[in-house]
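Letters A, B, ... are given to chains in the order of the sequence lines, protein chains preceding strands, and every chain is numbered from 1. No hydrogens, no waters, no symmetry mates; every other heavy atom, side chains included, goes into these values.
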Number of protein chains: 2
Amino acid sequence: MGSECHHADGAHPGLKGHALTHALGAAEHRCVATQERLTAPRRRVLELLLESDGPQKAYDLIAAFGEHGEPAKPPTVYRALEFLERLGFAHRIESLNAYVPCRIDGGEHRAAFLICDCCGAAQEFEPDFTAQLAAAEAAGYQVSTITLEARGRCSACRAG
Amino acid sequence: MGSECHHADGAHPGLKGHALTHALGAAEHRCVATQERLTAPRRRVLELLLESDGPQKAYDLIAAFGEHGEPAKPPTVYRALEFLERLGFAHRIESLNAYVPCRIDGGEHRAAFLICDCCGAAQEFEPDFTAQLAAAEAAGYQVSTITLEARGRCSACRAG
DNA sequence: TGGGTTATGTTATCTCATAACGGTCGATGT
DNA sequence: ACATCGACCGTTATGAGATAACATAACCCA
């Protein structure tokens, strides 16, 4: 409670109530539009991600899955995560072995994160990959996906 | 042997003989210069990485560690990898859970990889992170490390 | 209403990585 | 020489992360 680094304070507060309902409804709409099915386990995992304040480990989601404390079986959650990633509703952060809901509207985009080593927050941003894609093309590569993860300290932790 | 994708053909052939000895010697020199110790297990893991044709899993290194087929204990290899990463002799590729020797001369640099989903090759390159670092700074982040991993198909696999 | 496709439930197992502890080695000061 | 300190290593055990395999159920549509 002092002037130390306030872990996760203020970083991506997590959705509740109307905001959560609205986000889930939007996801549902996008699924309908693309003829995909936001089934119960998929919806539940997305809900858990949206409610959370920061990157969630798969086994955190597994533990929190049931409404009354019963955990899910691992494949249930991993399959849901695979679906959510495929549709762009969630991202995996490789360097954390953790998952976050997508914070950027719209469909396809390339993921990039600023990860605070102090408070654990992961801020998604839309990077300009022009230079790297040009380098890849020059090397003869045909790029399908590209991710970037930067580690450091967020402004709150630097100030704290 | 047809015109299919030739898995790993030609990608980072791996060092042998004089080239391998020379690379290990260069590493030794850099360690002496920085007052670090290239101990036997560290040297052995670096040797395995340099000899290899592509990204190596930790447990591949563990299995290949002994000169006569005896595996190493996991901490032996993980500690060596930690050291090699710290000094810039090796990189971890997060999206593969695998390790490669650094292919770029000199000390500190920021790692970036083009990974072929077809043949598994991982080509290291030196990207221009100017745009992303500016975005991070604009968000108030102080970046310490930054990594990029692009997935796609390499030129050989596209041609094959 | 039947047949293909997609998704789920369940069990078991596999891969990846680290905690913890005691012993060894090498440098440094006296 | 030898005490001492820190870095490193060997070993055992366990924790964390992810998937294979197979059976069952739901969906879609001709």
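In summary, Glu47(A) and Arg44(A) engage in a salt bridge, as defined by a charged side-chain N under 4.0 Å from a carboxylate O. The residues Arg151(A) and Glu149(A) are annotated as not salt-bridged, no charged nitrogen and carboxylate oxygen being separated by less than 4.0 angstrom.
Taking atom CZ of Arg42(B) as the reference point, atom C1' of dG10(D) lies 14 Å away to the nearest angstrom. In this structure, Gln56(B) atom CD and dT15(C) atom P are separated by 16 Å, rounded to whole Å. Per the geometry, CD belonging to Gln35(A) stands 16 Å off P belonging to dC27(D), to the nearest Å. When the C1' atom of dT5(C) is taken as reference, atom CD of Glu36(A) falls 13 Å away, rounded to whole Å. Across the protein-nucleic acid pair, Leu38(A) atom CG and dC27(D) atom C1' stand 16 Å apart, rounded to whole Å. To the nearest angstrom, C1' of dT8(C) lies 18 Å from CZ of Arg43(A). dC16(C) atom P lies 19 Å from atom CD of Glu82(B), rounded to whole Å. Counting to the nearest Å, the P atom of dC8(D) and the CG atom of Leu87(B) are 10 Å from each other.
In this model, the phosphate group of dG17(D) is approached by a side-chain N or O of Lys57(A) to a distance below 4.0 Å at OP1 or OP2. Residue Thr39(A) has a polar side-chain atom (N or O) positioned under 4.0 Å from OP1 or OP2 of dT8(C).
In this pair, His91(A) and Phe113(A) present their aromatic rings perpendicular. The plane angle is above 60°, beyond the 30 to 60° band. Taking the six-membered ring where the residue is Trp, Tyr99(A) and Tyr78(A) present perpendicular rings, their angle passing 60° and hence far from 30°.
Looking only at distances, a side-chain donor or acceptor of Gln132(A) sits under 3.5 Å from a matching main-chain atom of Asp128(B). Using modelled atom types, one side-chain atom of Arg158(A) and one backbone atom of Gly140(B) make a donor-acceptor pair closer than 3.5 Å. Side chain of Lys57(A) to main chain of Ile62(A): no donor-acceptor pair is present (N/O by atom type, distance under 3.5 Å, no hydrogens or angles). With hydrogens and angles disregarded, no donor-acceptor distance shorter than 3.5 Å links the side chain of Gln35(B) to the backbone of Ala33(B). With hydrogens and angles disregarded, a donor-acceptor distance shorter than 3.5 Å links the side chain of Arg30(B) to the backbone of Leu87(B).
A heavy-atom distance below 4.0 Å to DNA chain C is reached by these residues of residues 71-80 of chain B, ordered by number: Pro74(B), Pro75(B), Tyr78(B), Arg79(B). Of all the residues in residues 58-65 of chain A, not one reaches under 4.0 Å from DNA chain C with any non-hydrogen atom.
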Requested in this report: For Leu148(B) and Phe129(A), run side chain to side chain contact (heavy atoms under 4.5 Å, CB included): C-alpha distance rounded to whole Å, both residues' side-chain angles, the deciding distance at 0.1 Å, then the answer.
Outcome: CA-CA 10 Å; Leu148(B) 180 147; Phe129(A) 281 129; 3.7 Å; yes
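In this structure, CG on Leu38(B) lies 12.0 Å from NE2 on His29(B), to the nearest 0.5 angstrom. Rounding to the nearest 0.5 Å places CG of Leu84(B) at 14.0 Å from CZ of Arg92(B).
In this structure, the nucleotide among dA17(C), dT8(C), dT6(C) sitting nearest to the side chain of Arg37(A) is dT6(C).
Residue Tyr99(A) is in sugar-phosphate contact alone, with no base atom involved, counting any heavy-atom pair closer than 4.0 Å across all strands shown.
The terminal axes of the helix from dT1(C)-dA30(D) to dT30(C)-dA1(D), fitted over 5 pairs per end, subtend an angle of 30° to the nearest 10°.
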